[in-house]
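A short worksheet on the structure shown next.
Every chain is numbered from 1, with letters handed out A, B, ... down the list of sequences.
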Amino acid sequence: MTTESIERPPAQIPAQAGIGLRAEHYKEVIGSQPPIGWLEVHSENYFGQGGKPLHYLEQARQLYPISLHGVGLSIGSTDPLNKAHLDHLNRLIHRIEPGLVSEHLSWSSVDGKYFNDLLPLPYTEEALKHFSTRVHQVQDILQQQILIENPSSYLSYSHSTIAEWDFMNAIVENTACGILLDVNNVYVSAVNHGFDARHYLRAITADAVQEIHLAGFTIDIIGGQDILIDTHNKPICDEVWALYQVAIERLGAIPSLIEWDSDLPPLDFLVEEASRAQTIMDECHALVA
Amino acid sequence: MPSLHELQSAFADTLLNPDTTHTLSYVAQDKISRDQRLFIYRNHVFSSLTSALQGAYPVIERLVGAAFFRSVARGYIRLHPSTSGDLEQYGDSFAEYLSGLKQVDEHTYLPDVARLEWAYHRVYFAADVPALSLEMLAKVDPDQQHQLRFGLHPASQLLRSSYPSLRIWQVNQKTYSGDQTVDLSIGGNHLLVLRPQLDPQIHDITHDEFTFLESLACNKNIADSLDLVADVNPEFDLTSCLQKFISNKTLVIFSLENQGDQTRAYRKGDRTWPQSKRQKT
Amino acid sequence: MKNRNKLVSTAISSLLALSATAVATEAYSAGPPLEKCFGVVKAGKNDCGVKSLGTACQGTSSKDAQPDAYIDVIKGNCEKIVGGSLTAKK
C-alpha cells in the first residue's frame, strides 16, 4: 500500500447516492466536503501524467470512495483493443484505487479512427460473442471485474435479433462482469425505440447490477416526433424518478449516481438530487425492514 | 446482413462524410428516418470534437470568431479524425492545418498562436517532477562537469515565433481588460511554456537562453551547448542562466555523458517521464 | 576547449555557492514569469452526455468545410492585430 492510501477512505462504493465530480466543482467539493457517499469521474479526463486533474482527483480521493467511468475504451469495436488506452486506465486504477470501474455497451472507433461517442451495436450473436470476448480481455488485463452500462441510443438495426436487456444479461453470463444500469438511458431508449422501460427493469439480471445512473435528457423534435437526447444537462425527470423507484424496489439499495456533464448547476443542486435518490433508497429499505 | 466490421466501417464513413453513398439499409426506419437517426450521431461527433478543439484553442476561437472556428473545425475533423479515446489528445495538428488554409494567408500569425496554445494544453496535463537535486549536482567531479547533460521538465515546451504570439495570447485572455491592439512590427519572440507546479506559465526568454535550452533538450552536453551561445555572445552569463532555469524547474535532471540513461529514458519517448514505482494493491 | 570547460566549472561552483542560500529551496524565484494563469482549471472534455440538435448548425454537409464565406469575418475579428507584414512569412 502506498502512504496516501493509508489516509484514504476504503475503496468500496457504499450503497448510497453519489455525484459526478467535474472540474468546475473541484475546489468546492474538496473545500466543503458535501454529505454524499461517493464520487465518480470520467477516467479519460485523468489520462494525463500530472497537473491539476490528478492533483484534485487525489485530494478528492482522500475524502471519498471514487468510481472510474470510462467513455473511450471502445470495447465493441472490431479494431484490436487499444493497449495504450488500457495502460492509461491501469495506471489510473493503481493511483486512485477506485471502488468500481465501468465502461459502455457500445463502440466508438474503427479502422484507427475515433468518434469519441457511444455508438450503437447491433444485437446479434456475432456482436455478443465479440463483445463478450473483449470484456474478458479487458478484465484479464485490468485484473478486475468491470461494469458494463446500457447506452442510450437513437437508432437500432433491423438485423438485431436480441433484446438489449437479454444482450446485457448474456454478457454477464459470459464474462462475469457487472451491470451499471442507467435508468435514464433505459427511459431514453424506450421512448426512442418504443419498448417498455418497466419490462427492461424487470428483465435485467438483478444480482449483476452494482451501480445505477440517473441523469436528465433533452427533447428534440425531429421529423415531427419527440426524440429524447441523453444530454446530461438537466434535472432528472419525474418518469425517470418513478422508474428509479421501481428499480430500487426490485434491487434494494444500490450505489446511485447523479450524472451531469454540461450546463452544470451549482454543487448544492447536485447534492439535493443525490439526497432525493438517497431518500428513495432509505424509504424502500424501511418498507422491507 | 453486414458483418460487425462492415457495419462499423460503413457507419464511420457516414459519420465523417455526410455525402457518402452508403445507404446503411440495415438501420431501422420507424418513428423517424434513417438519415435523421444518423444525423443525431453525426451532430454529436462533430460537436464533441469541436468542443475539444475549443478547449485547446480558445484564443484562436476568439481571434477568428465562433462561426469561422466551427467551420474550420469541421474541415479539420474530416481531414484529421480523432485517433484516441481521450479527447484531451485531439487537435495536435491544428496549427499545421490552419497554416494551409487560404483564409489564413493574411493572418499568418494564427498558426504560431495555435502552436503556443497547444504547448500550453500539453504542459497542463504533463507529468509532475521534483526540482533538480543540487546536493547531487555538488557531488559531480569538477573535472567532469563540462560533460553534464541536463534534462528539461516534461511539462516544458520551447517555441520560437516570428510574431509577437505571446502578446496576442495575452490580450486575448478572458481576464485581460486593456487595449487589445497588437502591433506586429514589435517582432517575434522566444517562449518557454512551463509548469513548475500546477499552473502553466509562459516565459518570454532571450534568444541565447532559447538556443542554450534547445541544445540541452537535444541531449547535447553543457559545454557544447555553451559553445553554441558563447560563440555568438561572449557576454553570455552561464551562472545566472543555470540559476534561473534550475530554480524555476525548467532543468530538472542531469546525467554524465557516460551514464546518460536516465536523461535519455524520457527524452527518446514522447517526453514521457519514467514511471514511478507503484505497488499494486 | 580548456577555457569553456573552466567556464562550466566556474558557473556550477557559483551556482552551488549561491544555492546554499537561495536556489536550494523552491521558494527562490528568478523573477515573475511574464504570464501566469492562476486558478484556471480546464473543464474535462471526455464525458458521456450527447449534444442535442437544438443549437446545432444545420450544416454538416461538405460545403461547410469550405469556409470562403468567412474571410470577412476573420478580418473583422483580427483587425486589432496591425502593422508589420502580415504576409511576410509563409
Side-chain angles (χ1 to χ4, degrees), chain A residues 1-2 5 11 44-45 47-55 70-74 76-79 82 84-85 88 91 94-95 97 107-117 119-122 124 126-127 130 143 154-160 192-194 220 222-227 229, chain B residues 1-9 11-12 15-16 24-34 36-42 44-45 48-49 51-52 81-90 122-129 154-155 195 197-200 271-273 275 278-281:
Chain A
M1 297 290 272
T2 54
S5 59
E44 287 78 4
N45 288 334
F47 276 11
Q49 306 229 357
K52 283 186 181 176
L54 283 167
H55 172 81
V71 295
L73 187 52
S74 192
S77 170
T78 47
D79 279 2
N82 186 329
H85 196 101
H88 281 299
R91 223 168 41 215
H94 289 130
R95 190 157 178 170
E97 300 175 298
W107 62 284
S108 53
S109 61
V110 69
D111 305 327
K113 292 176 194 146
Y114 276 77
F115 304 95
N116 304 87
D117 189 14
L119 302 172
L121 283 166
T124 59
E126 181 203 9
H130 179 68
Q143 286 290 293
Y154 311 99
L155 63 76
S156 61
Y157 302 98
S158 48
H159 60 296
S160 285
N192 290 345
H193 304 301
D220 275 358
I222 300 173
Q225 301 283 331
D226 284 358
I227 297 292
I229 309 284
Chain B
M1 171 173 126
S3 73
L4 186 56
H5 183 257
E6 284 163 356
L7 179 149
Q8 291 181 343
S9 286
F11 199 115
L15 283 180
L16 289 178
L24 297 186
S25 56
Y26 39 85
V27 169
Q29 311 204 71
D30 34 49
K31 242 173 120 169
I32 58 172
S33 76
R34 186 175 291 142
Q36 284 167 327
R37 291 194 179 275
L38 285 166
F39 181 75
I40 296 170
Y41 286 99
R42 188 180 300 133
H44 179 63
V45 168
S48 45
L49 289 169
S51 160
S82 167
T83 55
S84 168
D86 171 12
L87 276 171
E88 311 288 11
Q89 305 283 327
Y90 188 60
R122 286 188 58 184
V123 160
Y124 184 88
F125 296 99
D128 310 298
V129 294
R195 211 198 71 234
Q197 306 294 336
L198 288 175
D199 290 298
R271 303 179 72 86
T272 309
W273 197 256
Q275 280 309 296
R278 252 172 210 287
Q279 265 179 283
K280 268 197 160 189
T281 47

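Between A:Ser158 and B:Ser25, the shortest heavy-atom distance links the atoms OG-O, 4.3 Å. The two residues A:Asn192 and B:Arg37 come nearest to each other via the heavy atoms O-NH2, 3.3 Å. Closest non-hydrogen pair, A:Lys113 versus B:Leu16, comes out as CD-CD1, 3.9 Å. When all heavy atoms of B:Ala12 and A:Trp107 are compared, the pair lying nearest together is N-CH2, 4.4 Å. Looking at every heavy atom in both residues, A:Pro122 comes nearest to B:Leu7 through CG-CD1, 3.9 Å. Across all their heavy atoms, A:His159 and B:Tyr26 have their closest contact at ND1-CB, 3.6 Å.
Contact of B:Leu24 with chain A is not made at all, since no heavy-atom distance falls under 4.5 Å. In this structure, chain B has no heavy atom under 4.5 Å from any part of A:Leu73. Heavy atoms of A:His193 lying under 4.5 Å from chain B belong exclusively to its side chain. The contact between B:Gln8 and chain A is made by backbone and side chain atoms together, counting heavy-atom distances below 4.5 Å. The parts of A:Ser156 that come within reach of chain B are both its backbone and its side chain, each placing non-hydrogen atoms under 4.5 angstrom from that chain. Contacts of B:Leu198 with chain A are made by both backbone and side-chain atoms, with heavy-atom separations under 4.5 Å. For a residue to count as touching a neighbouring chain, one of its non-hydrogen atoms must lie under 4.5 Å from one of that chain's; by this rule B:Ser3 touches chain A with backbone and side chain alike. Interface remark: B:Leu49 contributes side-chain atoms only to the contact with chain A (heavy atom separation under 4.5 Å).
With contacts defined as side-chain heavy-atom distances shorter than 4.5 Å, the pair A:Asp220/B:Ile40 does not qualify.
Shown here are the side-chain hydrogen bond (donor to acceptor under 3.5 Å, both in side chains) partners of A:Asn116, two or more places apart in sequence or in another chain: B:Ser82. Listed by chain and number, the residues in a side chain to side chain contact (heavy atoms under 4.5 Å, CB included) with A:Asn82 are A:Ala84, A:His85, A:Tyr114 (sequence neighbours excluded).
Top candidate by heavy-atom pairs under 4.5 Å with chain A, chosen from B:Ser84, B:Pro81, B:Ser9, is B:Ser84. Counting heavy-atom pairs closer than 4.5 Å to chain A, the top-ranked of the candidates B:Gln29, B:Lys31, B:Arg34, B:Arg195 is B:Lys31. Comparing A:Ser77, A:Gly48, A:Ser74 by heavy-atom pairs within less than 4.5 Å of chain B, the highest count is held by A:Ser77. Of the listed residues (A:Asn45, A:Ile227, A:Val71), the greatest number of heavy-atom pairs within a distance under 4.5 Å of chain B belongs to A:Ile227.
Checking side-chain atoms of B:Gln36 against main-chain N and O of A:Ile222 turns up no donor-acceptor pair under 3.5 Å. A donor-acceptor pair under 3.5 Å is absent between the side-chain atoms of A:Glu44 and the main chain of B:Leu87, judged by distance alone.
Of the inter-residue distances, the one linking A:Leu155 atom CG with B:Phe39 atom CZ reads 14.0 Å to the nearest 0.5 angstrom. The distance from the CD atom of A:Gln49 to the CZ atom of B:Arg122 is 10.5 Å, given to the nearest 0.5 Å.
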Steps toward side-chain hydrogen bond (donor to acceptor under 3.5 Å, both in side chains) verdict (B:Ser48, A:Asp117): CA-CA 8 Å; B:Ser48 45; A:Asp117 189 14; over 6 Å; no
